[in-house]
Engineer: 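Please find one structure pasted underneath; my questions will follow.
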Amino acid sequence: MRPLTHTNSYKTMDTTDSMPRAGNTYGIRDAFTHWRVCEVLWLALATLSVLVVSVLLGDNLLGISSSVTGIICVVLTAKGKLAAYYFGVANCILYAIVAYGQTLYGETLLNALYYLPLQFIGFHIWRTHINAEQGTVQPLHMAWRARVYALLALAAGTALLGVGLAYFGDAIPYVDAYTTVASVFAMTLSARRCPEQWYLWISINVCSIYMWAERFAANGENVATLMMWVVFLVNSVFGLVKWTRK
């Protein structure tokens with residue numbers, strides 16, 4: 001992935017970027033600063049609800065750990081907090097293992113081979129575009145032409161990958177293909193600080209809820225993962241509102 005540059009395909013709300021404040025270049029101190037009460041309650045409610053229901057239904061520790069790290073990651077991402085990437089690394093590894101166990105190979109490859117290395121790239125890009133006062137990343141909007149090209153590429157990629165996943169026996173090939181390809185685009189836009197990522201995340205989360213509901217109906221497992229995607233959907237709406245207001 002090439003370094004982030006301001007081209008005619010992207011436009012920023014502000015012509016200047018604030019560098020990370022001295023002594024806090026890794027986002028740890030700012031992770032939970034400048035939070036509203038409702039945002040703290042949302043993080044606590046989302047995390048606890050997954051833990052309680054998962055324990056009651058006997059889900060395994062791997063699935064619960066994957067879900068909790070994923071929830072914290074996406075909530076911090078919606079807040080524009082650099083610390084999201086720490087939880088993102090853990091979630092990529094754990095979720096890839098869970099997805100492999102459910103024969104969702106597109107999800108497995110996506111997390112292990114794309115999401116995981118992109119966590120380090122995104123961390124580097126975000127770290128150099130942090131608002132020093134709020135401790136949050138500054139957004140960079142896409143131009144309309146870039147949006148159209150992205151949608152065309154998304155449609156073509158989904159069709160091609162769907163054929164391949166069906167050949168290898170994927171449980172839900174075309175849904176899995178869409179969530180995989182769309183996630184590649186969405187994660188790239190996230191690393192590049194684009195608010196348009198949230199429209200893709202909303203659609204990805206809807207498809208992922210269907211995909212994991214099918215798995216849960218088939219074997220009664222991975223309720224924590226299913227609930228994680230429900231939380232992701234609600235959080236993606238929150239992220240869209242938050243980032244488009246910046």
Side-chain angles (χ1 to χ4, degrees), residues 1-13 70 73-74 76-78 80 84-85 88-89 91-92 95-96 99 104-126 129 137-165 170 172-212 228-229 232-244 246:
M1 180 178 178
R2 63 176 184 273
L4 178 64
T5 56
H6 288 230
T7 68
N8 59 359
S9 294
Y10 295 86
K11 51 187 178 181
T12 183
M13 295 288 291
C73 173
V74 298
L76 289 175
T77 300
Y85 285 101
V89 169
N91 178 251
C92 288
Y95 184 77
L104 296 173
Y105 303 128
E107 290 285 284
T108 304
L109 293 174
L110 173 69
N111 280 267
L113 301 182
Y114 184 74
Y115 273 10
L116 184 57
L118 197 61
Q119 299 301 308
F120 300 97
I121 297 172
F123 180 89
H124 172 71
I125 295 173
W126 277 37
H129 296 88
V137 72
Q138 296 177 325
L140 181 68
H141 290 268
M142 297 175 68
W144 276 105
R145 183 175 63 180
R147 295 173 184 173
V148 172
Y149 290 159
L151 288 174
L152 292 175
L154 173 61
T158 299
L160 290 173
L161 182 59
V163 172
L165 292 178
D170 190 284
I172 315 173
Y174 289 97
V175 177
D176 197 1
Y178 174 77
T179 59
T180 300
V181 176
S183 295
V184 168
F185 282 85
M187 183 59 77
T188 302
L189 293 180
S190 178
R192 295 178 71 93
R193 307 178 286 126
C194 299
E196 290 81 3
Q197 63 172 295
W198 295 107
Y199 294 104
L200 286 177
W201 287 129
I202 290 171
S203 67
I204 292 165
N205 293 334
V206 169
C207 291
S208 296
I209 289 171
Y210 166 75
M211 186 166 60
W212 284 101
M228 178 187 74
W229 284 107
F232 282 6
L233 177 59
V234 176
N235 189 75
S236 59
V237 175
F238 164 71
L240 176 63
V241 173
K242 188 80 174 178
W243 280 56
T244 53
K246 288 185 179 182

Engineer: Tell me the closest heavy-atom pair linking Cys207 and Val175, and the distance in Å.
Structural biologist: O-CG1, 3.7 Å

Engineer: Looking at side-chain heavy atoms only, is the closest gap between Tyr210 and Val206 below 4.5 Å?
Structural biologist: no

Engineer: How far does CZ of Phe185 sit from CG of Leu151, to the nearest 0.5 angstrom?
Structural biologist: 8.5 Å

Engineer: Can you tell me how far apart NE2 (His124) and CG (Leu118) are? Round to the nearest 0.5 Å.
Structural biologist: 12.5 Å

Engineer: How about Val137 and Trp243: do any of their side-chain heavy atoms sit closer than 4.5 Å?
Structural biologist: yes

Engineer: Within the 4.5 Å heavy-atom criterion, are Arg192 and Gln197 side-chain neighbours or not?
Structural biologist: no

Engineer: Find the distance between NZ (Lys242) and OG1 (Thr77) and round it off to the nearest 0.5 Å.
Structural biologist: 13.5 Å

Engineer: What heavy-atom pair brings Pro195 and Pro139 nearest, and what distance separates the two atoms?
Structural biologist: CG-CB, 3.8 Å

Engineer: Search all heavy atoms of Phe232 against all heavy atoms of Gly70 and return the closest pair with its distance.
Structural biologist: CE1-O, 3.3 Å

Engineer: Within a reach of under 6.0 Å around OH of Tyr199, are more than 12 heavy atoms found that belong to other residues, nucleotides or ligands?
Structural biologist: no

Engineer: Considering all heavy atoms of both residues, which atom of Ala186 and which atom of Ile204 are nearest to each other, and what is their separation?
Structural biologist: CB-CD1, 3.9 Å

Engineer: Measuring from atom OG1 of Thr108 to atom OH of Tyr95, what distance do you get when rounded to the nearest 0.5 angstrom?
Structural biologist: 8.0 Å

Engineer: Which heavy atom in Ala112 sits nearest to a heavy atom in Pro117, and how many Å separate them?
Structural biologist: O-CD, 4.0 Å

Engineer: Any side-chain heavy atom of Cys73 within less than 4.5 Å of one from Tyr85?
Structural biologist: no

Engineer: Using only atom types and a distance under 3.5 Å, with no angle test, would you say the side chain of Asp176 pairs donor to acceptor with the backbone of Ile172?
Structural biologist: no

Engineer: Where the side chain of Glu196 meets the backbone of Arg147, is there a donor-acceptor pair that is under 3.5 Å apart?
Structural biologist: no

Engineer: Shortest non-hydrogen contact from Asn111 to Ala96?
Structural biologist: CB-CB, 4.0 Å

Engineer: If you measure from CG on Leu240 to CD1 on Ile202, what distance do you get to the nearest 0.5 Å?
Structural biologist: 5.0 Å

Engineer: Hey, what do you get for CG (Leu161) to OG1 (Thr180), rounding to the nearest 0.5 Å?
Structural biologist: 5.5 Å

Engineer: Say whether, by atom type as modelled, one donor and one acceptor occur between the side chain of Trp198 and the main chain of Val237 under 3.5 angstrom.
Structural biologist: no

Engineer: If you define the side chain from C-beta out and look only at heavy atoms, does anything of Ser236 sit under 4.5 Å from Leu233?
Structural biologist: yes

Engineer: Is there a donor-acceptor pair closer than 3.5 Å between any side-chain N or O of Trp126 and the backbone N or O of Ser190?
Structural biologist: yes

Engineer: Between Asn235 (side chain only) and Val74 (backbone N and O only), is there a donor and an acceptor less than 3.5 Å apart?
Structural biologist: yes

Engineer: Among Tyr178, Tyr115, Tyr114, find the residue that satisfies the side chain to side chain donor-acceptor pair (under 3.5 Å) test when tested with Ser183.
Structural biologist: Tyr115

